[in-house]
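One structure is given here, and the rest of the page talks about it.
The sequence lines fix the lettering, A, B, ..., with proteins before strands; numbering per chain opens at 1.
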2 protein chains.
Amino acid sequence: MEVLTIHEAAETTGWTPRMLRYIERIGLIEPARTKSGYRQYGAGDLQRLRTLRELLADHEIGLGDVAFALRLRRDEALEGAVDSWLEAEPQRPEAVSADEWLRWEQEKHARIIAALTTNEPMETAA
Amino acid sequence: MEVLTIHEAAETTGWTPRMLRYIERIGLIEPARTKSGYRQYGAGDLQRLRTLRELLADHEIGLGDVAFALRLRRDEALEGAVDSWLEAEPQRPEAVSADEWLRWEQEKHARIIAALTTNEPMETAA
DNA sequence: TTAACCTTATCAAAGCTGTGTCAAGGTTGG
DNA sequence: CCAACCTTGACACAGCTTTGATAAGGTTAA
């Protein structure tokens with residue numbers, strides 16, 4: 001047996017067919033299709049569906065959260081913007097003047113751009 | 001003028017006081033407090049409130065999304081788990097046997113751990 | 001060929017998010 | 001001391017997310 005239909009995949013992973021379609025729609029797992037459009041879940045898809053369940057349960061997060069993490073990873077501009085915003089976090093308000101903060105902000109952007117163009121630490125190629 | 005009250009902060013940032021409390025409750029911006037509990041918004045808080053508005057508008061994301069990104073950044077176990085799950089993404093199902101996939105999975109964890117303990121590319125210290 | 005699948009689309013309900021408003025009470029500055 | 005703030009908590013509502021059910025129709029394998 002090479003690939004499973006949506007009902008079979010649902011059976012072996014604990015999701016419902018409905019949810020498998022939903023998970024696909026939000027971009028998390030997009031199985032191959034037959035010529036006529038039937039979904040074909042391969043071994044990798046099944047494993048990912050199972051680990052997805054664990055991920056959600058273990059950390060009390062939702063599908064939307066994982067979808068957002070995926071979006072972050074695919075949209076570098078977004079990731080940069082979010083990271084950049086979060087970066088300023090640990091500042092205690094009293095500790096900085098508006099001026100210092102602005103300089104920090106500008107340097108931060110520079111740092112992030114530098115990091116983006118310098119680091120490519122984890123190539124996905126085997 | 002050093003710090004602003006919640007209504008003043010709302011005024012100058014375009015949020016409502018209600019939303020400022022909400023933003024605090026989801027962990028995004030936690031202003032200092034006076035001894036008696038009044039919120040004190042400093043220059044940094046105000047700047048972050050303004051850039052937060054931009055961030056949401058520019059990228060069509062919600063406060064909950066930013067809150068999740070913050071959670072990712074604070075909970076390394078969560079971040080590792082999510083990244084690890086997303087990592088397997090580009091695989092085409094037909095291309096891998098279950099065996100190969102499992103090995104890939106295991107190596108991936110090793111790679112991620114290695115990366116975590118090796119890279120500390122962006123120190124937040126000035 | 002036909003039963004048992006699959007597809008997409010739609011209606012629906014439960015729950016969460018984001019936001020307003022109000023109440024009961026504490027703090028503060030003139 | 002009191003008007004004008006602030007606090008938390010609650011009720012409420014629109015809109016979105018998550019999930020199920022069902023319908024109308026295409027595909028497939030015995």
Side-chain angles (χ1 to χ4, degrees), chain A residues 1-42 45-46 49 52-57 59-72 82 85 93, chain B residues 1-42 45-46 48-72 82 85 93:
Chain A
M1 180 197 290
E2 258 295 284
V3 295
L4 302 191
T5 68
I6 191 169
H7 279 267
E8 292 164 339
E11 189 93 28
T12 68
T13 61
W15 294 100
T16 59
R18 179 66 166 88
M19 287 310 295
L20 259 26
R21 295 199 184 94
Y22 183 64
I23 288 168
E24 178 176 6
R25 208 166 59 75
I26 64 180
L28 260 26
I29 289 177
E30 303 178 319
R33 299 289 190 118
T34 67
K35 212 153 214 166
S36 56
Y38 283 25
R39 291 171 180 82
Q40 299 181 281
Y41 288 86
D45 293 324
L46 300 175
L49 283 169
L52 179 57
R53 288 181 127 293
E54 277 179 48
L55 180 63
L56 301 189
H59 300 275
E60 302 237 51
I61 65 181
L63 291 169
D65 293 325
V66 183
F68 181 67
L70 175 59
R71 197 181 151 197
L72 273 184
V82 171
W85 190 86
Chain B
M1 180 196 294
E2 258 294 282
V3 295
L4 303 191
T5 68
I6 191 168
H7 279 267
E8 293 165 339
E11 190 93 28
T12 67
T13 61
W15 296 99
T16 59
R18 178 67 166 90
M19 286 311 293
L20 259 27
R21 297 199 184 94
Y22 182 64
I23 288 168
E24 179 177 7
R25 208 166 59 73
I26 65 179
L28 259 27
I29 288 178
E30 304 178 320
R33 297 291 190 116
T34 68
K35 214 154 214 169
S36 57
Y38 284 25
R39 290 172 181 80
Q40 299 180 277
Y41 288 86
D45 293 324
L46 300 175
R48 278 168 62 66
L49 283 169
R50 294 195 196 95
T51 53
L52 179 57
R53 288 183 127 289
E54 277 180 47
L55 180 63
L56 301 189
D58 288 358
H59 300 275
E60 301 238 52
I61 65 182
L63 291 169
D65 292 325
V66 183
F68 181 67
L70 175 59
R71 197 180 153 198
L72 273 185
V82 172
W85 190 86

Quiz item: Would A/Y22 and A/T16 count as a side chain to side chain contact (heavy atoms under 4.5 Å, CB included) if you check the C-alpha gap in whole Å, the side-chain angles of each, and the deciding distance to 0.1 Å?
Solution: CA-CA 10 Å; A/Y22 183 64; A/T16 59; over 6 Å; no
Quiz item: OP1 or OP2 of D/dC5 sitting under 4.0 Å from any side-chain N/O of B/H7?
Solution: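 For D/dC5, neither OP1 nor OP2 has a side-chain N or O of B/H7 closer than 4.0 Å.
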Quiz item: Just to confirm, is there a sub-4.0 Å distance from OP1 or OP2 of D/dT8 to any side-chain nitrogen or oxygen of B/R39?
Solution: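 Indeed, a polar side-chain atom of B/R39 lies that close.
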Quiz item: Got a sec, which residues hit side-chain hydrogen bond (donor to acceptor under 3.5 Å, both in side chains) with B/T34, two or more places apart in sequence or on another chain?
Solution: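 With sequence neighbours excluded, B/T34 shows a side-chain hydrogen bond (donor to acceptor under 3.5 Å, both in side chains) to B/S36, given in chain and number order.
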Exercise. Sequence neighbours left out, what passes side-chain hydrogen bond (donor to acceptor under 3.5 Å, both in side chains) with B/E11? Give chain and number order.
Key: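 If we apply the side-chain hydrogen bond (donor to acceptor under 3.5 Å, both in side chains) test to B/E11, skipping adjacent residues, there are no hits.
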Quiz item: Contacts to DNA chain C from residues 60-69 of chain B, heavy-atom cutoff under 4.0 Å, which residues?
Solution: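 Heavy-atom contacts with DNA chain C come from B/L63, B/G64.
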Quiz item: Partners of A/R53 by side chain to side chain contact (heavy atoms under 4.5 Å, CB included), sequence neighbours excluded?
Solution: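 Result, side chain to side chain contact (heavy atoms under 4.5 Å, CB included) vs A/R53: A/W15.
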For atom [atom1] of [X] and atom [atom2] of [N], their distance in whole Å:
X	N	atom1	atom2	answer
A/Q40	D/dT28	CD	P	10 Å
B/Y41	D/dT7	OH	C1'	12 Å
A/I26	D/dC16	CD1	C1'	14 Å
B/R25	D/dA10	CZ	P	12 Å
A/W15	D/dG20	CH2	P	10 Å
A/E24	D/dT19	CD	C1'	17 Å
A/L20	C/dT8	CG	P	12 Å
B/K35	D/dT7	NZ	P	18 Å

Quiz item: In a check of side-chain hydrogen bond (donor to acceptor under 3.5 Å, both in side chains) between B/R39 and each of B/E30, B/H7, B/E24, which one passes?
Solution: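 The passing option is B/E24.
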Quiz item: Closest to the A/Y22 side chain: C/dT8, C/dG20, D/dT19?
Solution: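 Looking only at side-chain atoms, A/Y22 lies closest to D/dT19.
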Quiz prompt | Residue whose nearest DNA chain C nucleotide is more 5′ - A/G37 or B/M19 | solution =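 Final value for this comparison: A/G37.
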Within the structure provided, determine whether [X] and [Y] are in side-chain contact (heavy-atom separation under 4.5 Å).
X	Y	answer
B/L52	B/L56	yes
A/Y41	A/T13	no
B/Y38	B/T5	no
A/W85	B/L28	yes

Self-check item: Test salt bridge (charged side-chain N to carboxylate O under 4.0 Å, His left out) applied to A/E54 - qualifying residues, sequence neighbours left out
Solution: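 Checked A/E54 against salt bridge (charged side-chain N to carboxylate O under 4.0 Å, His left out); zero matches.
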Anything under 3.5 Å between a protein N or O and an N or O of nucleotides 9-15 of chain C, put it in a table, one pair a line.
none

Practice problem: Could you grab the distance from atom CD1 of B/I6 to atom CE of B/M19, nearest 0.5 Å is fine? | Solution: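 Rounded to the nearest 0.5 Å, the CD1-CE separation comes out at 11.0 Å.
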Exercise. Would you give a per-nucleotide map of nucleotides 23-30 of chain C, 5' to 3', where B means the base has a protein non-hydrogen atom under 4.0 Å away, S means only the sugar-phosphate does, and - means neither?
Key: ---BBS--
Exercise. Give a yes or no answer on whether the side chain of B/R50 reaches the backbone of B/T12 with a donor-acceptor pair at less than 3.5 Å.
Key: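 Side chain of B/R50 to backbone of B/T12, a donor-acceptor pair under 3.5 Å: yes, one is there.
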